[in-house]
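Since the structure is predicted, the reported quantities are computational estimates derived from the model, not experimental observations. Values reported hereafter were calculated over all heavy atoms of this structure, with side chains retained and with hydrogens, waters and symmetry mates removed.
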Amino acid sequence: QVQLVESGGGSVQAGGSLILSCAASLYAYSSYCMAWFRQAPGKEREGVAQIASDGTTSYAEYVKGRFTISKDNAKNTLYLQMNSLKPEDTAMYYCTARRYCSVPLTYLYWTSATNYWGQGTQVTVSS
């Protein structure tokens, strides 16, 4: 049974930092593309960043230069380092797995193939 469990969310002031983690119970974890999506109230779920099985990363324009996605295959754990946080980064952040990365990184494309999701962790950035 696939299980993705996010942690590390919280409340922070604008300009601050947070590190999100996602512990995965997923057979052949290292072979999957892993990604972070987010969803703010009243808005659609949007892609944040993804990391392929070979370590190649890609980012949404609105987080590029501020967020860093990484993974530890030995620990089956995905990370998202978030710096210079802005109030518009406030959202529920979800960890997700898919056999291959999605281009573009959109919810529509990501869910067009078998995919797995965690329950999410809330990030709130105050001005």
Side-chain angles (χ1 to χ4, degrees):
Q1 182 177 353
V2 177
Q3 191 172 21
L4 303 175
V5 180
E6 301 95 336
S7 61
S11 297
V12 65
Q13 288 192 328
S17 299
L18 283 174
I19 301 176
L20 304 184
S21 299
C22 171
S25 296
L26 179 62
Y27 178 74
Y29 168 82
S30 62
S31 68
Y32 279 77
C33 179
M34 302 296 297
W36 291 96
F37 278 69
R38 68 186 186 185
Q39 187 167 20
K43 294 189 176 182
E44 294 184 349
R45 195 168 296 191
E46 61 182 13
V48 174
Q50 62 184 339
I51 183 166
S53 58
D54 66 356
T56 302
T57 59
S58 62
Y59 297 89
E61 284 298 321
Y62 35 83
V63 304
K64 196 171 290 185
R66 299 188 297 123
F67 291 10
T68 302
I69 189 171
S70 62
K71 63 176 182 171
D72 186 334
N73 289 334
K75 296 181 178 180
N76 279 23
T77 301
L78 178 72
Y79 302 99
L80 185 68
Q81 171 74 52
M82 304 186 295
N83 298 327
S84 302
L85 282 162
K86 305 175 181 180
E88 51 263 44
D89 294 319
T90 295
M92 186 72 78
Y93 282 72
Y94 297 92
C95 167
T96 179
R98 189 180 188 265
R99 182 62 73 176
Y100 299 107
C101 285
S102 167
V103 179
L105 183 58
T106 65
Y107 184 71
L108 179 65
Y109 273 76
W110 187 268
T111 55
S112 66
T114 301
N115 55 98
Y116 307 98
W117 293 83
Q119 293 300 305
T121 185
Q122 178 67 37
V123 172
T124 303
V125 185
S126 59
S127 57

**Message:** Let me confirm one number: the CE-SG distance from Met34 to Cys101, rounded to the nearest 0.5 Å.
**Reply:** 10.0 Å
**Message:** Could you walk me through whether Gln50 and Ser102 satisfy the side chain to side chain contact (heavy atoms under 4.5 Å, CB included) test, starting with their C-alpha distance in whole Å, then the side-chain angles of each, then the deciding distance to 0.1 Å, before giving a yes or no?
**Reply:** CA-CA 8 Å; Gln50 62 184 339; Ser102 167; 4.3 Å; yes
**Any residue meeting side chain to side chain contact (heavy atoms under 4.5 Å, CB included) with Arg66, in chain and number order, not counting sequence neighbours** = Val63, Ser84, Lys86, Asp89
**Prompt:** If you group Ile, Leu, Val, Met, Phe, Trp and Tyr by side-chain heavy-atom gaps below 4.5 Å, do Leu18 and Tyr62 land in one group?
**Reply:** yes
**Fill in**
All heavy atoms of Ser30 vs all of Ser53, minimum pair found to be O-CB, 3.2 Å
**Fill in**
Distance col, row Thr124:OG1 vs Met92:CE, nearest 0.5 angstrom, shows 9.0 Å
**Request:** Flag the pair Phe67 / Leu85 as yes when at least one side-chain heavy-atom distance between them is below 4.5 Å, and no otherwise.
**Result:** yes
Just list the side-chain donor-acceptor pairs under 3.5 Å for residues 4-17, sequence neighbours left out, or say none.
| from | atom 1 | to | atom 2 | distance (Å) |
| --- | --- | --- | --- | --- |
| Glu6 | OE1 | Gln119 | N | 3.1 |
| Glu6 | OE1 | Gly120 | N | 2.9 |
| Glu6 | OE2 | Cys95 | N | 2.8 |
| Glu6 | OE2 | Gly120 | N | 3.2 |
| Ser17 | OG | Asn83 | OD1 | 3.0 |

**Asked** Can you check whether Thr90 reaches Gln122 side chain to side chain, under 4.5 Å on heavy atoms?
**Response** yes
**Request:** Find the distance between OG (Ser70) and CG (Leu78) and round it off to the nearest 0.5 Å.
**Result:** 7.0 Å
**Nearest heavy-atom neighbours spanning Ala40 and Ala91** = N-CB, 3.8 Å
**Residue list, salt bridge (charged side-chain N to carboxylate O under 4.0 Å, His left out) with Glu46, at least two apart or on another chain** = Arg38
**Item:** By side-chain hydrogen bond (donor to acceptor under 3.5 Å, both in side chains) - contacts of Glu61 (at least two apart)
**Value:** Lys64
**Asked** Roughly how far, to the nearest 0.5 Å, is CG of Leu80 from OG1 of Thr68?
**Response** 8.0 Å
**Prompt:** Of the non-hydrogen atoms in Trp36 and Ser21, which two are nearest, and what is the gap between them?
**Reply:** CH2-O, 3.7 Å
**Asked** Side chain of Tyr59, backbone of Ile69: donor and acceptor closer than 3.5 Å?
**Response** yes
**Request:** Please tell me if the side chains of Leu105 and Phe37 come closer than 4.5 Å, counting only heavy atoms from C-beta onward.
**Result:** yes
**Message:** Atom OH of residue position Tyr100 - does it have more than 12 heavy atoms of other residues, nucleotides or ligands inside 6.0 Å?
**Reply:** no
**Item:** Same apolar cluster: Leu26 and Tyr79, side chain cutoff 4.5 Å
**Value:** no
**Asked** Cluster question for you: counting only ILVMFWY and a side-chain heavy-atom cut-off of under 4.5 Å, with indirect links fine, are Leu20 and Tyr94 together?
**Response** no
N/O donor to acceptor pairs below 3.5 angstrom from side-chain atoms of residues 108-117, sequence neighbours left out:
| from | atom 1 | to | atom 2 | distance (Å) |
| --- | --- | --- | --- | --- |
| Trp110 | NE1 | Thr96 | OG1 | 2.7 |
| Thr111 | OG1 | Tyr107 | O | 2.7 |
| Thr111 | OG1 | Leu108 | O | 3.4 |
| Ser112 | OG | Arg98 | NH2 | 3.3 |
| Ser112 | OG | Tyr109 | O | 2.5 |
| Asn115 | OD1 | Trp117 | NE1 | 2.5 |
| Asn115 | ND2 | Ala113 | O | 2.6 |

**Message:** Under the rule for salt bridge (charged side-chain N to carboxylate O under 4.0 Å, His left out), what residues qualify as partners of Lys43, not counting sequence neighbours?
**Reply:** none
**Asked** Got a second to check how far Asn76's CG is from Lys71's NZ, nearest 0.5 Å?
**Response** 9.5 Å
